[in-house]
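Hydrogens, waters and symmetry mates are skipped; everything else that's a heavy atom, side chains included, is used. A note on names: the letters A, B, ... follow the listed sequences, proteins ahead of strands, and every chain is numbered from 1.
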Amino acid sequence: MNNRYKILVIEDEENIIRFVKALLESNDYQVLCANSVETGLTVFSSHWPDLVILDLGLPGCDGSQFLRQIRLSYTTPVIVLSARGEERDKVEALDLGANDYVTKPFGSAEFLARVRSILRNNRRCCEEGMLPGGKFVCGDLTIDYDVRRLYLDGQEIRLTQIEYNIMALLSEHFGKVLTYSAIIKAVWGSADPGSIKKLQVNMANIRKKMSQKPGQNKYIHNELGVGYRMYTDTQ
Amino acid sequence: MNDRNKQILFDILRSMCILTLSFLGSLVVQDVWNARSLIPSVFVLAVFLVSLLTQGYVFGILSALISVLAVNFAFTFPYFEFNFSIHENAVSALIMIVVTTVTSALTTKLKRQEIIKAESEKEKMRANLLRAISHDLRTPLTSIYGASSTMIDNYSMLETDDHIQMLKGIREDSQWLIRMVENILSVTKIDNNNLALNKNSIVLEELVDSVLMKFQKLYPEQPIVTELPEEFILVSADAILVEQVLMNFLENAVQHAHGMMKLELLISVEDERVLFSVIDDGCGMTADQKKDLFSGRLGSVQDTSDSKRQFIGIGLSVCAAIIKAHGGQVWGRNNPERGMEFGFWLEREKVEDE
């Protein structure tokens, strides 16, 4: 009986495919490979993987093509592999719907942690019901969407309207990296030159209210230069 | 107005000033001192100065022509008339034109030589850096290549323990190579021109958070004591590069400050500057090593025994170059009690209150 998670890896470097496949298979995942975007799309539609690992550095390819295509109809999580110098591609990929990114070169532990985290959190998203009128619970953090209140360790944290909207948004996309522009668009509707700063100030205030210290943030993580994400390391 | 147009405007102003002054000077010489023979010399001097102080040949030659006409018209017989048939006039005209052409040629050549010199200095530095780096790359590559081929060829004859050890060595050397490559990439990024910096408004707290997360992943057993201001602080900088400077300082402390017990990252604000300090209480540095701390050479060039020490040198020179490109400054000094402090400052970005 085959009841493992299916992961599609879109990568053209043989050596990288080899070790990623070995790593994932030895951790009980089923691995499908494709070495181009076209092949990737074909394999995707015939096998319906639970997760896609997409290398942004594929030659002549546009990782964004793949994302645009599958995001037309599917919410399958996608982790992009990006190298330094491909920041714009990375941000574009996140805006187009990628969930997370791993920077090359990467070690096995870090990579595996990301894969596990995305698969776990994606499941949680569907289980807990992120629709209005529900509660979001993660460790010590509770967000009550009904009354628009946030609780940490049982204590209510008083947030402004904007601050709450940001936290609700991040929780709705738990585990996913949301770019500055994505958050700005969702919370303020439109962007102007001062938007990013506004967002940064709000995030700083939220962190202060939740007593989060640099290096020890438990729930709100900042991806420097890219955006923010809510996730937790604890199992 | 771009630089070129500005330059041309200045040159025109300069030429006009000099010519006007020499015209007035000549009037003085003629009417007050009655030394008419000096006048051509005055204009030759003027023409020489114009050629010296302006770009290219155009202004010099134009001034020469104007001067010739001026002298002929206003200062020689027949007065207030143009007359070029007298030999003297023709000869002084010729002299002025020769003077101006030669002077312009000289100044142009000089300027060109200075540019070439600056370029060759840069090339030399780059060549040195590449040489040092290539040399340093060979050490980890030797062990990676050697270890992996040893394992393949002698797999069954080695103990599992040996396998694990060699693989660990391969991983360690790879991590070192990764760090080296990051530094090289940073150098090329800032080397071409400072405009290659990808500056953004970075929240100080977020920068520190990002660095600490990265550090903790690499050195989970090394605690860092961090202190930063409570207020909301922004810095305009290239996030990747500044992160790299901090990582370089922190990693150096872990790898080279022998006997270190406490590692601190202190950030404070002074006027419009944000100061970053990485402080350890390890073995510190000898006076000899401290001399050229950020120059890229640590220890003598012949000292190839410890290439890891060479690497501190490169790492630090990259840090210095990055901070310099941001308009800030780096420093490295021994602590009064023990250990070292490495730090830098960056300009703080003003936050407008909404």
Side-chain angles (χ1 to χ4, degrees), chain A residues 15 19 82-88 90-91 102-114 160 162 177 179-180 188 192-229 231 233, chain B residues 171-172 174-175 177-179 181-186 188-189 196 198-218 220 223-244 246 250 265 267 349-354:
Chain A
N15 288 338
F19 93 78
S82 75
R84 176 178 153 169
E86 289 168 357
E87 269 79 43
R88 214 171 304 152
K90 181 172 83 184
V91 172
V102 173
T103 310
K104 295 193 285 196
F106 53 87
S108 57
E110 185 188 344
F111 182 75
L112 215 52
R114 289 281 218 257
T160 67
I162 300 271
V177 176
T179 59
Y180 295 135
W188 281 282
D192 59 59
S195 291
I196 296 190
K197 240 170 234 164
K198 254 194 289 190
L199 175 58
Q200 287 171 326
V201 173
N202 273 292
M203 291 308 295
N205 291 336
I206 293 175
R207 282 196 296 262
K208 201 161 269 164
K209 288 184 181 174
M210 293 179 60
S211 316
Q212 309 250 287
K213 295 248 168 352
Q216 295 160 16
N217 287 315
K218 225 174 141 198
Y219 300 104
I220 313 158
H221 298 263
N222 93 83
E223 310 286 335
L224 200 62
V226 176
Y228 299 98
R229 162 169 45 168
Y231 78 90
D233 277 332
Chain B
R171 180 170 62 183
E172 211 175 271
S174 306
Q175 281 172 326
L177 281 172
I178 291 173
R179 212 183 132 197
V181 165
E182 291 293 314
N183 276 324
I184 296 173
L185 277 173
S186 297
T188 54
K189 197 175 181 190
N198 184 16
K199 278 192 179 178
N200 278 317
S201 293
I202 311 175
V203 180
L204 181 65
E205 196 188 19
E206 292 180 2
L207 171 69
V208 175
D209 179 46
S210 193
V211 169
L212 288 177
M213 298 293 280
K214 283 202 174 81
F215 184 83
Q216 278 158 10
K217 263 191 221 148
L218 288 172
I224 306 184
V225 175
T226 313
E227 244 180 61
L228 63 157
E230 288 282 320
E231 28 171 335
F232 182 76
I233 298 178
L234 287 175
V235 223
S236 172
D238 184 322
I240 296 180
L241 294 182
V242 177
E243 266 191 325
Q244 195 165 339
L246 284 168
L250 290 170
L265 171 61
I267 300 156
E349 188 179 304
K350 305 223 182 347
V351 183
E352 278 119 36
D353 290 318
E354 298 242 317

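With hydrogens and angles ignored, the 3.5 Å screen pairs a side-chain donor or acceptor of K208(A) with a backbone N or O of E230(B).
Within the 4.5 angstrom heavy-atom criterion, no atom of T226(B) approaches chain A.
Atom CG of N217(A) is separated from atom CG of L212(B) by 10.0 Å, given to the nearest 0.5 angstrom. For the atom pair OG (S210(B)) and CG (N222(A)), the distance works out to 6.0 Å, reported to the nearest 0.5 Å. Taking OH from Y180(A) and CG from N200(B), the interatomic distance works out to 8.0 Å, rounded to the nearest 0.5 Å.
Taking all atoms of both residues into account, the shortest heavy-atom contact from D209(B) to G215(A) is OD1-N, 2.7 Å. Across every non-hydrogen atom of L228(B) and P214(A), the tightest pair is CD2-CG, 3.7 Å. Considering every non-hydrogen atom in both A239(B) and L224(A), the closest pair reads CB-CD2, 3.8 Å. Of all non-hydrogen atoms in L234(B) and K197(A), the two that sit nearest each other are CD1-CE, 3.5 Å.
Surrounding CD of E110(A) are more than 12 heavy atoms belonging to other residues, nucleotides or ligands, all under 6.0 Å away. Counting heavy atoms of neighbouring residues, nucleotides and ligands inside a 6.0 Å radius, atom NZ of K209(A) exceeds 12 of them.
Across R171(B), Q175(B), K217(B), E206(B), the residue that shares the most heavy-atom pairs under 4.5 angstrom with chain A is E206(B).
Looking at Q212(A), R207(A), Q200(A) one by one, the single match for side-chain hydrogen bond (donor to acceptor under 3.5 Å, both in side chains) with E205(B) turns out to be R207(A).
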